[in-house]
Amino acid sequence: MTSSRSGRGRTWWTLGTAVVVVLGASLLTLGRGSGSPATVEERAEEIASGLRCPVCQNLSVADSDSRLALEMREDILRRLREGQGPNEIRRYFVGRYGEWILLSPSIDGLGLFLWVAPAALALGGLLLLAGLRSRFMRANLSDRGRGAEDVNETLSELP
Amino acid sequence: MDEPTGPARTMPPRRTDPRRLSLALALPLILVWLLVLGLGRDPRALPSPLEGEPAPEFTLREMTTGRQIRLSDLRGQVVVINFWASWCAGCQREHDDLAAAWQRYREHGVVLLGVVYQDTEENARIYTQVRGGDWPIALDPSSRTALDYGVVGIPETFFIGRDGQVAHKHVGEATYEMLLDWTERLLRAPVETGTAETGR
C-alpha cells in the first residue's frame, strides 16, 4: 500500500514537473523578442526575421539573400520611416501574401489554437500515461494479492 | 517431466469495447485522410488574400511612352496585369498567348498591362522589340507594386473586374484559354457602381 502511494506520488510529481516545463517553455517562446529594438534598422530586422521569405526554403526575410527578400526589407524600412508600426507592417504582408508569410502563427484565432494545441496534446498524453500507469500498478498489486491467496489456499488443502 | 499442478486460475476473457475499437481505428484513418489531402494539394496554388478585395492602387511609368499609368484611371474596364521579366522562361512561353488575347480584346473594354518585375528597363525594351506586342508595359523598379500584389514568382497574372476588385490571381504561365475564360467572365459580370475602392 505504501509503495503504491509513493508510486502514485512519483507519478504526480513527474506530471507536475512536465506541466511546469511545458508551460514555462511556451511562455518563454511567447515572450521572446518582446524587448523593443532601439533603431529603425533594428526594428526592421526584427520584423523581417518574423516574415517568411516567399522564394526560399525555410528562411526568413532577414536571413535570405534573394532579391525579393531584399526588396521586402527595404519596403519594411520605408514603411517604418513613414511612421507605420510593426503590427501594421505585418498585417500589410499578411494581407498581400496570406497568413503563411508569418514564420510564427499569430496569437489569435486559429493561430492561438496552433500555439496552445501542442502543449494541450502533450498534457493530454502525460495524463493518459499517468492514468495507464496507475491502472497497471493497481492491476499488478491485486494480481499479487490474489496470488498470495491462491498459495494460502493450496497450502491449506495439503494433508 | 510433470507439469506443476495447482488450482487453475481462470482469467476472465478480455472484451474489447466496440466504441474504443472504432475510435482507435477512426483516429489513424482521419490522420491518413488529412495527410492525403495535404499531399494532394499543389504547393504553388496558394490562394491570394487579394481575391475579392479592391485591387491595390498604383501609378507606374509606361516604358515606351513615359506616361503615368494609374489603376484608378482604368476603372470600368477589365484589367489584366501580367508580371513578367525578360529572364523568365515561363514569360517567354506565355508571350504569344498574351499577344493573341490582347488582339482579341483590345477594342472590347479590356486593358492588358505588363509590369516588369526585377529586370532592367533596357532588357525589357529589347525583349518587347524582339518578341513584339504592343500592349502597355509598366516599370516597377523597386517592386513596390509587385509587393502590393503579393507576387512570389513570375509569371503571375491578375484579373481585375470592372468594379476594381481582384477577381483572380493566376500563378504560372498564362494560356490563351485561361485568359479568355477569365476575361469573358469579367466582361459578363454585372458592374455594381461605387462598391469598391482601390486599396493600398
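FYI, side chains are in, hydrogens and waters are out, and symmetry mates aren't considered; it's all heavy atoms of this structure.
- Looking only at heavy-atom pairs under 4.5 Å with chain A, the residue among B/Leu50, B/Leu147, B/Val152, B/Val151 that has the most is B/Leu147.
- Residues of residues 51-59 of chain A that come closer than 4.5 Å to chain B, counting heavy atoms only, are A/Pro54, A/Val55, ordered by residue number.
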field: Stepwise side-chain hydrogen bond (donor to acceptor under 3.5 Å, both in side chains) test for A/Glu71 and B/Gln118
entry: CA-CA 10 Å; A/Glu71 286 166 347; B/Gln118 294 184 348; 2.9 Å; yes
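- In this structure, B/Tyr149 contributes its side chain and B/Pro56 its backbone to a donor-acceptor pair below 3.5 Å.
- Both the sub-6.0 Å distance and the 45° axial angle are not jointly satisfied by B/Arg144 relative to the ring of B/Phe58.
- Two rings, from B/His95 and B/Trp135, have their centers less than 6.0 Å apart.
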message: Test side-chain hydrogen bond (donor to acceptor under 3.5 Å, both in side chains) on A/Asp63 and A/Ser60; report intermediate values, then the result.
response: CA-CA 5 Å; A/Asp63 295 332; A/Ser60 74; 3.1 Å; yes
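- Side-chain contact check for B/Tyr127 and B/Glu122: no donor-acceptor pair (N or O, by modelled atom type) lies under 3.5 Å.
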